[in-house]
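A short worksheet on the structure shown next.
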Amino acid sequence: MAERDPHTPPERPSEPRPSGILNVPEGLSTPEAWLNPFDWYAEMRATDPVHWDDDRECWDVFRHADVSAVLSDPQTFSSDPRNASNETFRRASEGVEMETMLGRDPPRHEHLRGVVEEYFRPRAIADLAPRIEEIATDCLDDVVESGEMDVVADLAYPLPVIVIAELLGIPSEDRETFKRWSYSLVETPTERTEAAASEVQERREQTLEELHEYFDDLIEQRKATPGDDLISNIVTAEIEHRPLTTEEMRGFCVLLLVAGNITTTNLLTNAVWTLTEHPDALAQLRSDRTLSTKAVEEVLRYRSPVQALGRIATRDVTLGDQTIRQGDVVVTWLGSANRDPDAFDRPDEFVVDRMPNQHLAFGRGIHYCLGAPLARLETRLALSALLDRVDDIEATTTADQLTPVRSAFIYGVESFPVRFVGPETDLRRRRAA
Ligand code: HEM
């Protein structure tokens with residue numbers, strides 16, 4: 001391909017492509033690459049850090065400084081998909097992001113965030129600690145004797161979904177359905193074809209219909225008889241003396257259920273995965289539990305559950321040596337920023353007590369993850385409960401046997417089987433006999 005003068009914005013096709021932006025970038029064209037995107041990131045940071053993808057018709061941004069600059073400037077880089085000139089992107093975002101704080105700019109963003117902010121402040125979240133410990137203990141009670149478990153199915157999935165369901169005031173027994181819904185909303189096609197992209201899009205639309213039906217019923221119930229749960233708070237809230245629109249109420253429920261769920265599942269799984277891969281770090285953490293805060297931050301950096309975030313340029317702007325045009329979609333690669341050697345020493349090493357650690361795993365700026373204190377607490381308490389119950393833990397699959405979650409933008413695995421030894425396990429008793 002001929003070199004393009006960076007100061008000349010790329011040519012756009014006259015007709016929008018049907019799939020385009022819904023596809024994954026070429027560097028991530030296979031699910032195997034989803035588990036090891038780091039070589040591609042390194043190459044892009046070094047050779048083309050602000051890259052125009054002609055196929056997806058969007059920019060990809062890879063360096064820590066550039067990602068940070070984009071996320072810190074919401075006036076120039078909007079979160080509202082309606083600002084995109086890419087029609088496919090606008091349509092795909094409808095219903096998922098438009099009516100939530102995630103897909104809004106100030107002042108609406110600030111107003112919506114204000115509706116639930118109180119619930120997620122570190123002090124309010126700290127009150128949940130005993131219940132989180134209880135759920136983690138219950139999850140482990142079910143498996144610890146057998147001496148083995150699937151970290152995803154037995155601990156990392158149920159724990160956050162039960163916590164968020166209780167906060168929202170919805171029955172956690174529906175959690176298998178929540179899981180299907182959540183993964184469907186973040187799913188990306190496994191092949192770079194029109195057919196694969198439209199299949200994923202169809203599943204997503206179907207999921208949204210089901211979610212709307214589910215939450216519309218709940219919203220009506222809570223309007224009639226409000227309780228002290230988060231949904232009741234959302235349906236009775238007022239912004240400038242007006243209730244939220246039905247779309248915004250639904251959007252809130254969907255956002256909190258999805259955001260509070262698979263991301264934390266992947267953080268906790270990635271933590272166990274990384275620690276079993278680095279036995280010295282695991283031993284260090286076991287002997288000094290005060291390290292757990294730093295260890296969780298390092299997992300967030302090293303295996304970031306959210307790999308990429310999208311923004312839309314609201315004006316022509318220069319980033320690196322490229323000219324980005326108003327309306328262009330800009331994808332910031334958090335997973336790459338978090339491995340940038342200009343921001344971190346030994347970026348490809350897992351350093352359990354890394355300090356400082358300016359990772360971008362929870363984003364940056366006004367959209368900084370609202371649930372960060374909750375995700376951190378759940379992960380620390382679950383790891384602690386696990387270390388209390390088992391003396392040694394090891395993975396029972398090799399890295400090449402792991403299956404990535406069905407999304408190029410969410411980093412994690414579908415299952416992570418482990419075996420462990422501990423005072424309560426059969427294995428220990430058998431060894432002693
Ligand atoms: C490890 C777990 C998590 C990760 C890695 C994560 C990551 C992120 C990131 C990167 C953003 C920024 C999005 C953007 O700038 O466009 C974000 C926003 C958000 N997160 Fe999380 N998240 C996690 C857990 C949670 C939890 C547990 C909740 C709630 C229960 C939550 C609720 C939200 C909400 C509501 C926003 C939107 C904030 C806004 O637009 O102002 N997240 N999250």
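Computed over heavy atoms, backbone and side chain alike; hydrogens, waters and symmetry mates excluded. First listed ligand is number 1; within each ligand, the first listed atom is number 1. For clarity, every value in this text was computed on a predicted model and none was experimentally measured.
Judged by distance alone, the side chain of T245 and the main-chain N or O of E248 form a donor-acceptor pair under 3.5 Å. With T100 contributing its side chain and L102 its backbone, the two residues share a donor-acceptor pair below 3.5 Å. Within the 3.5 Å criterion, the main-chain N or O of A42 finds no donor-acceptor partner in the side chain of R339. Listed for the N261 side chain is a donor-acceptor partner under 3.5 Å among the backbone atoms of L257.
A centroid separation of less than 6.0 Å is found between the aromatic rings of W40 and F62.
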Does ligand 1 have any N/O pairs with the protein under 3.5 Å, and how far apart?
unit_1   : atom_1 : unit_2 : atom_2 : d
ligand 1 : 15 (O) : R311   : NH2    : 2.7
ligand 1 : 16 (O) : R311   : NH1    : 2.9
ligand 1 : 16 (O) : R311   : NH2    : 3.4
ligand 1 : 40 (O) : H367   : ND1    : 2.6
ligand 1 : 41 (O) : H109   : NE2    : 2.6
ligand 1 : 41 (O) : R113   : NH1    : 2.7

Verdict with reasoning, R63 to D66, per salt bridge (Lys or Arg N to Asp or Glu O under 4.0 Å)
CA-CA 5 Å; R63 287 188 180 157; D66 292 334; 5.2 Å; no
